[in-house]
Participant: 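Questions regarding the structure given below will be posed in turn.
The residues of the chain are indexed from 1 along the displayed sequence.
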Amino acid sequence: VHLQDACKEVPSGTYYTDGFFFDGDTNNYDTCYPIHNCYGCGTYQNETKQTSCNIASTELCGENRVPKLVEAATNLDEACQSVPVGHYFYSDGDNDDCPTVHACRGCGLYQNETKQRSCKEASCGFVPSVFAEGATEEAQACYYESNTITAGQYLDEDEYCVRNCLGCGMYSEENATSCQRADCPLKSYPVIGFQATSVKQVCQTLQAGQGVSLQQCSVGSCFERSGASSSITCGVLQDYARDESTRTLSSSFTQSVSVRHCHTRDATEQMWQALITQCSHGDALCHDQMGLSNVKGCDCDDYLAS
């Protein structure tokens, strides 16, 4: 037996301890210098054969950066995360109070400095604020575009804030103070729209082989998987709204109305693009992949175009 066979390496990003240690993977007790990954808020180890980990602080991370929850980090850079302009950081009580970084998101909110604990509120004067996400200067958080509220948006008079229309059959014309729900023509049905400016954009006419789910606010193929744009449904919006830990969509998402009327008043371009990206494909609207059974809430046979 060679000496190297009787020894084990303690690489960077790990540390070793002495004494009894219960290994949950093998259900055995290891008494011979067990090795562990450095894990925690800002923990790292840039040297080998160490008995503990280093811990990065907000100050140690340096300019524009704060610690993050990490495992097996081998240097200070890996243990820290950036807080760029348009963002802020805070500790929410989870993950051992490790800072989390979020985009400034709300009416008139922006941040033009890095490594800040909160967002700034724009002083827009006589013009309304804008429901913005990640705004990096005050001008982006105020509606300086024109004296006309652009179609596809509306002015929330209570907050004097310009918001985007998003939802099932939702659209708006110029200078709107709310979004309208489209009254779709015969043989056409509402679909999810974002910044839609007319009934035509949020109503879709059925073609041969297509079906409609009023519950999900969707029109699509009965048997084939749909593309990303057609897989945005009320159900997807609801799931998106509930997962605030990663998507930070406001709780003002409307859940008091029926599912087919679902909409949110806190939509942004960034949120919409993320939604489309996450919905890389959709299942067949009315049948499973084998085409053998109907999906609950949808009946293609009743809605096939003639």
Participant: Tell me, do Q45 and C38 make a side-chain contact under 4.5 Å, heavy atoms counted?
Facilitator: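 Yes. Closest side-chain heavy atoms under 4.5 Å.
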Participant: Distance check, rounded to the nearest 0.5 Å: R163 atom CZ versus S129 atom OG?
Facilitator: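 The CZ atom of R163 sits 8.0 Å away from the OG atom of S129.
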Participant: Is there a donor in the side chain of T14 and an acceptor in the side chain of H36, or the other way round, less than 3.5 Å apart?
Facilitator: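 Looking only at side-chain atoms, H36 and T14 do not form any donor-acceptor pair under 3.5 Å.
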Participant: How would you list all residue pairs meeting salt bridge (Lys or Arg N to Asp or Glu O under 4.0 Å) that involve residues 106-121, not counting sequence neighbours?
Facilitator: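 Output for this query lists E113-K120.
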Participant: With heavy-atom distances below 4.5 Å as the criterion, would you say the side chains of L275 and L237 are in contact?
Facilitator: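 L275 vs L237: side chains touch.
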Participant: For Y110, which fellow cluster members are found when Ile, Leu, Val, Met, Phe, Trp and Tyr are connected by side-chain heavy-atom distances below 4.5 angstrom, either directly or through intermediates?
Facilitator: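 Taking Ile, Leu, Val, Met, Phe, Trp and Tyr as members, Y110 stands alone, with no cluster partners.
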Participant: Backbone N or O of A267 within a donor-acceptor pair of the N164 side chain at under 3.5 Å?
Facilitator: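 A pair under 3.5 Å: yes.
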Participant: Taking only residues two or more places apart in sequence or in another chain, which ones pass side chain to side chain donor-acceptor pair (under 3.5 Å) with Q273?
Facilitator: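 Once residues adjacent in sequence are excluded, the partners of Q273 under the side chain to side chain donor-acceptor pair (under 3.5 Å) criterion are E269.
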Participant: How close do Y44 and L60 get, heavy atom to heavy atom, and via which atoms?
Facilitator: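 Closest approach of Y44 to L60: OH-CD2, 4.2 Å.
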Participant: For T114, what residues pass the side chain to side chain donor-acceptor pair (under 3.5 Å) criterion, not counting sequence neighbours?
Facilitator: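 By the side chain to side chain donor-acceptor pair (under 3.5 Å) rule, T114 matches N64.
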Participant: Is the backbone of E133 close enough, under 3.5 Å, to the side chain of Q270 for a donor and an acceptor to pair up by distance?
Facilitator: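 Here the side-chain-to-backbone pair exists.
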Participant: Which hydrophobic side chains are connected to Y144, either touching it within the sub-4.5 Å cutoff or through other members that do?
Facilitator: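 Under the 4.5 Å side-chain rule, Y144 groups with V127.
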Participant: Mind listing the closest non-hydrogen atom pair of S123 and E138 along with its distance?
Facilitator: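 That would be N-OE2, 2.9 Å.
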Participant: Tell me if the centroids of the rings in Y90 and H102 come within less than 6.0 Å of each other.
Facilitator: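 That pair passes the under 6.0 Å test.
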Participant: Closest approach of Q140 and A135, non-hydrogen atoms and distance?
Facilitator: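 Smallest heavy-atom distance, with atoms named: OE1-CA, 3.2 Å.
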Participant: If hydrophobic residues (ILVMFWY) are linked whenever their side-chain heavy atoms come closer than 4.5 Å, directly or via other members, who joins L155 in its cluster?
Facilitator: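 Its cluster partners, ordered by chain and number, are V130, Y143, I149, Y160, V162.
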Participant: Which residues pass the side-chain contact (heavy atoms from CB on, under 4.5 Å) test with T148, sequence neighbours left out?
Facilitator: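 Per chain and number, T148 pairs via side-chain contact (heavy atoms from CB on, under 4.5 Å) with S146, E174, N175.
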Participant: Distance check, rounded to the nearest 0.5 Å: Q111 atom CD versus T136 atom OG1?
Facilitator: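 Atom-to-atom, Q111:CD and T136:OG1 are 10.0 Å apart.
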Participant: For C165, enumerate each residue passing the side-chain contact (heavy atoms from CB on, under 4.5 Å) test, keeping only those at least two apart in sequence or located in another chain.
Facilitator: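 Applying side-chain contact (heavy atoms from CB on, under 4.5 Å) to C165 gives Y154, S172, C179.
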Participant: Using the side-chain contact (heavy atoms from CB on, under 4.5 Å) rule, pick out the option among H263, R265, M271 that qualifies with L166.
Facilitator: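 Only one option passes, and that is M271.
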Participant: Only counting residues at least two apart or in another chain, list the ones meeting side-chain contact (heavy atoms from CB on, under 4.5 Å) with T48.
Facilitator: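 Checked T48 against side-chain contact (heavy atoms from CB on, under 4.5 Å); zero matches.
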Participant: Under a 4.5 Å cut-off applied to non-hydrogen side-chain atoms, are Y189 and L206 in contact?
Facilitator: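 They are in side-chain contact.
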Participant: Applying disulfide (SG to SG under 2.5 Å), run through C168 and C262 and close with a yes or a no.
Facilitator: CA-CA 6 Å; C168 181; C262 73; 5.9 Å; no
Participant: Applying side chain to side chain contact (heavy atoms under 4.5 Å, CB included) to K8 and V10, what does each step give before you reach the verdict?
Facilitator: CA-CA 7 Å; K8 53 186 176 182; V10 185; 5.7 Å; no
Participant: So do N46 and N54 actually touch side chain to side chain, heavy atoms under 4.5 Å?
Facilitator: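 In short, these two side chains touch, coming nearer than 4.5 Å.
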Participant: Determine whether C98 and S91 make a side-chain contact, defined as any pair of heavy atoms from C-beta on separated by less than 4.5 Å.
Facilitator: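 Heavy-atom side-chain distance check fails, nothing below 4.5 Å.
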Participant: Distance from Y88 atom OH to C104 atom SG, nearest 0.5 Å?
Facilitator: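 It comes to 7.0 Å.
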Participant: Got a second to check how far D156's CG is from C161's SG, nearest 0.5 Å?
Facilitator: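 It is 6.5 Å, given to the nearest 0.5 Å.
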Participant: May I ask you to test the M170-R181 pair for a side-chain heavy-atom distance under 4.5 Å?
Facilitator: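 Heavy-atom side-chain distance check passes, below 4.5 Å.
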Participant: With a 4.5 Å heavy-atom cut-off, do R105 and T268 have their side chains touching?
Facilitator: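 Yes, close enough: below the 4.5 Å cut-off.
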Participant: What is the minimum heavy-atom distance between C53 and Y15, and which atoms define it?
Facilitator: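 Minimum heavy-atom contact is SG-CD2, 3.3 Å.
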Participant: Give the C-alpha distance, both sets of side-chain angles, the deciding distance and a yes or no for disulfide (SG to SG under 2.5 Å) between C203 and C184.
Facilitator: CA-CA 6 Å; C203 293; C184 294; 2.0 Å; yes
Participant: Got a list of side-chain donor-acceptor pairs under 3.5 Å for residues 66-76, not counting sequence neighbours?
Facilitator:
from : atom 1 : to  : atom 2 : distance (Å)
E71  : OE2    : N37 : ND2    : 3.2
T74  : OG1    : E78 : OE1    : 3.3
T74  : OG1    : E78 : OE2    : 3.2
N75  : OD1    : D77 : N      : 3.1
N75  : OD1    : E78 : N      : 2.9

Participant: Nearest 0.5 Å, please: how far is SG in C142 from CZ in F126?
Facilitator: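 It is 13.0 Å, given to the nearest 0.5 Å.
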Participant: Within a strict 4.5 Å, meaning less than it, do heavy atoms of the T100 and F89 side chains meet?
Facilitator: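 Not touching, per the 4.5 Å side-chain cut-off.
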Participant: Report the hydrophobic cluster partners of V202, with the cluster defined as I, L, V, M, F, W, Y residues connected by side-chain heavy atoms closer than 4.5 angstrom, directly or transitively.
Facilitator: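 For the cluster that includes V202, the remaining residues are Y171, V199.
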Participant: Under the side-chain contact (heavy atoms from CB on, under 4.5 Å) test, which residues partner S82, sequence neighbours left out?
Facilitator: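 With neighbours one apart ignored, the set is R65, P84.
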